[in-house]
There are 2 protein chains.
Amino acid sequence: MGGKLEEEALPRAASAASDGKAPRTARGERTLRKILDAAREEFGERGFAESSIVGITQRAGVALGTFYTYFDSKEALFQALVRDMSAQVRDTVGPVLGHAADALDGERLALEAFLRFAHEHRDIYRIIDESEFVEPSVYREHYETTATRIAARLKFAREKGEIDVSYNDKDLDVLAWAMMGANVFLGLRFAVWDDADEVHVANAMSRVWRRGFNQ
Amino acid sequence: MGGKLEEEALPRAASAASDGKAPRTARGERTLRKILDAAREEFGERGFAESSIVGITQRAGVALGTFYTYFDSKEALFQALVRDMSAQVRDTVGPVLGHAADALDGERLALEAFLRFAHEHRDIYRIIDESEFVEPSVYREHYETTATRIAARLKFAREKGEIDVSYNDKDLDVLAWAMMGANVFLGLRFAVWDDADEVHVANAMSRVWRRGFNQ
DNA sequence: GTGAAAGTTGAACCGTGTTTCAACTTGCGA
DNA sequence: TCGCAAGTTGAAACACGGTTCAACTTTCAC
């Protein structure tokens, strides 16, 4: 399959629509995109409850009824957005792992990247967080996937001798959730609420994990 | 002041009412208490948006209008509840610190107590979490207070030589938020969603902190 | 160029749930 | 026992915003 880079964004937008409501022409595609962008702004600024479909369609510059051409309900739109953003977080943070000297250095870089991302996209952060109450299943999906990925990296690192073998699989499952929780709260406090130095935060954190996991 | 134990609960309930709406008789006090209890159930089970004042007053066994004798709005009630519960978490977790051999052992016991508490009171957990979107200021208040308390303990432990002196105040502020975030997510995954062994979770976590903070 | 499919429009419908209020009941102090 | 302040009641007013739909416009395949 050629042209993967350019093609990537479109199917994601297209598949964001509710079942049987995917756009069939380029015009529809554009309209759907406008609604998704407007929704991200509105939900990010005002939260789910305060956001209205009127508000979203006005921002998007389309009529109220147009919304229902692409989505079954306000909840369906929210769910589509969270899925989209969950993937965005993954695609932003994932690649930096390649540049790491070892596994724990990778986690440091990942935290740094996450903090930068959270600071630049506070709206996304808020939307994913609010999904715990709007669409619990996607929230679970997001964090379960993330934790599983971290745990897998930790286990792999243990096989390579970078993490003390006395930590068994169950321990590492627990610790993966702990690392993720730490990252999320550091993001909230130092990137979303504040504009702290990501490098300092990530370094302080990394030092503890490094000592904690070795020896 | 004598009889502190028995007196503790009442003023808290009384002050939960909106400004100028505090009950003035024993009957009023009881009614307010019924509403608060019913609200905890309703908000815990259904979340803020899905909960209704009708539902809350029905659970409480009082008429709809009675609600407005004590609260200005649904939001005001929610805020009062979060404040009440934030204090409950503190009062449950705080005391166990006294039984600890050293500071890091205290954090282990605190996590264990928190996991037990989160498991037994999932409704409370959910309500505090949801306040991020309903009443952001109380959410911030709750976590900022908690993090400050943890940071103070860490700094004190450093003075006593239980934590490596190479961690400066700024580092410990960061790490306090990390510990809190880890605790919250462990609570969500292993106490609220699942019914895991608190002791194992707390031990695995504690081992990492211990190694991480020393030398 | 034509016609059918796709997309757009916004007024009106509709359900829900918060809030008000005037009449009523309770309980306490004198 | 009396009277008034405190508390209670629930029907109705009210606001709000999600959803529907039938008429209209645009696009595109042939």
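Lettering follows sequence order; numbering is per chain, from 1. All values below were derived from every heavy atom in this structure, side-chain atoms included, with hydrogens, water molecules and symmetry-related copies excluded.
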Between dC13(C) (P) and L64(A) (CG): distance, integer Å: 15 Å
Test item: side-chain donor near acceptor, D171(B) and H200(A), under 3.5 Å: yes
Salt bridge flag under 4.0 Å for residues R33(A) and E29(A): no
Side-chain N,O (R24(A)) to OP1/OP2 (dA6(C)) below 4.0 Å: yes
Most 5' of D72(B) and R30(B) on DNA chain C, judged by nearest nucleotide: D72(B)
Within residues 52-63 of chain A, residues whose heavy atoms come under 4.0 Å of DNA chain D: S52(A), I53(A)
Spacing between R27(B) atom CZ and dC4(D) atom P, to the nearest angstrom: 18 Å
Main-chain N/O of A16(B) paired with Y70(B) side-chain donor or acceptor, under 3.5 Å: no
is_close_aromatic(F48(B), F133(B)), centroid dist under 6.0 Å: no
Centroid separation F43(A) to F78(A) less than 6.0 Å: yes
Minimum-distance nucleotide (side-chain atoms of Y68(B) versus dA6(C), dA11(C), dT19(C)): dT19(C)
Touch class at under 4.0 angstrom, heavy-atom based, for F71(B) against every strand present: nothing
Neighbour count above 12 (heavy atom, 6.0 Å) for D19(A) CG: no
